[in-house]
2 protein chains.
Amino acid sequence: MDELHEVVEQRLGSAGSRYTRGRRRLVDELCTAGHPLTVRELLHRAETLSTSSVYRNLAILEACRVVRQIPSLSDDGVRVELHEDLTGHHHHLGCSSCGDLVDVVLPEEIESALARATAEVESTTGFRAEGHRLELFGTCHSCQ
Amino acid sequence: MDELHEVVEQRLGSAGSRYTRGRRRLVDELCTAGHPLTVRELLHRAETLSTSSVYRNLAILEACRVVRQIPSLSDDGVRVELHEDLTGHHHHLGCSSCGDLVDVVLPEEIESALARATAEVESTTGFRAEGHRLELFGTCHSCQ
DNA sequence: CTACGTGCAAACGGTTTGCACTAGA
DNA sequence: TCTAGTGCAAACCGTTTGCACGTAG
């Protein structure tokens, strides 16, 4: 966690930005949540921060590759999570009932199959791929 | 194409809705485009339709499983495409530069690997999966 | 001391809704 | 005929912006 804050401070610093209490709070909440949060949830969890500061800080943290936005299927708005640089590559299980998004790490087998498929797409279409995003959607355990 | 309209008419009919000129126009545009369109693009292509009608019709077509919404990574709003029931299972290549989304059908090998991974996730997490969504992001041929 | 960051309130823009009118079966 | 669909304009609401004040370094 200290390590995380250190990396974040460094990334903000090299962009000429400060690691203020508000920004630290956002990173803390995202880290302890352990899964993507909606802006609404972030606003609620960090009640001392004003709406505009949350939006402004998320934009800055995104530009510094500290967080990233995830477009959500269920319509409760965009979600935010710590960048994969900081948490490691993973995917999401999305519950169509409660809308929650949970992290999941898939076996190496599937990741390498995806890498192979990506290479094939690149060579047949001329598209240059930088990465992939996979979501399994369905019903989570507590909603069944 | 006639076949498509027939299926759509049937799905609308069984929901007590009519297949009007406006709805047919939306389906036509989505079909000829051959890839997901933003609402803005749809509004532009079907200029005879009012904004409110487009939104209302998209909601109805979505409820009847004729179209589906795709949350977009690049922030030009939500995209709409014909439902996979009508077009077949596929994924998307998303260009981070121009924002375009192109359909791609992946080899059976990767689909079965995804199915295997999904089954594993279901048994280890209790999540009940209904399907998956995969997007490869990068730079399209014309943006390189 | 001098940016940068913050809160507040107003502005913005995509989406939705109310209502009177039109059109499909 | 009679219900569903449509256009227009207003309302809505999540997000962004302007501005004056606060704070980190």
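Remember, predicted model here, so these are calculated numbers, not experimental data. Just so it is clear: chains get the letters A, B, ... in the order the sequence lines come, proteins before strands, and each one is counted from 1.
Applying the ring-ring contact (aromatic ring centres under 6.0 Å, His included) definition to pairs two or more places apart or across chains, those involving residues 2-22 of chain B are H5(B)-Y19(B).
Listed by residue number, the members of residues 25-33 of chain A with any heavy atom below 4.0 angstrom from DNA chain C form an empty set. Near DNA chain D, defined here as any heavy-atom distance below 4.0 Å, there are no residues from residues 61-68 of chain A.
R24(B) has its CZ atom 17 Å from the P atom of dA23(C), to the nearest Å. Per the geometry, CD belonging to Q69(B) stands 16 Å off P belonging to dG14(C), to the nearest Å. The distance from atom CZ of R79(A) to atom C1' of dG14(D) is 15 Å, rounded to the nearest whole Å. Going from atom CG of L43(A) over to atom C1' of dT16(D) covers 14 Å, rounded to whole Å.
Residues satisfying the ring pair (Phe, Tyr, Trp, His ring centres under 6.0 Å) test with H44(B), not counting sequence neighbours, are none. Take R18(A) and apply the salt bridge (Lys or Arg N to Asp or Glu O under 4.0 Å) test, not counting sequence neighbours, and it matches no residue. In this structure, the salt bridge (Lys or Arg N to Asp or Glu O under 4.0 Å) partners of R65(A), at least two apart in sequence or on a different chain, are D85(A). Applying the side-chain contact (heavy atoms from CB on, under 4.5 Å) criterion to A33(A), with sequence neighbours excluded, gives H35(A), L37(A), R45(A). Judged as a side-chain contact (heavy atoms from CB on, under 4.5 Å), and not counting sequence neighbours, the contacts of C31(A) are M1(A), L4(A), L82(A). In this structure, the salt bridge (Lys or Arg N to Asp or Glu O under 4.0 Å) partners of R25(A), at least two apart in sequence or on a different chain, are E29(A), E47(A). By the ring pair (Phe, Tyr, Trp, His ring centres under 6.0 Å) test, H83(A) is found to be paired with no residue, residues two or more places apart in sequence or in another chain being considered. Every salt bridge (Lys or Arg N to Asp or Glu O under 4.0 Å) that E109(A) has, sequence neighbours left out, goes to R116(B).
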Protein-to-nucleotide contact annotation, 5' to 3' order, nucleotides 4-9 of chain C [B base; S sugar-phosphate only; - none; under 4.0 Å, heavy atom]:
BSBBB-

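Residues A129(B) and T118(B) share a closest heavy-atom pair of CB-CG2, 3.4 Å.
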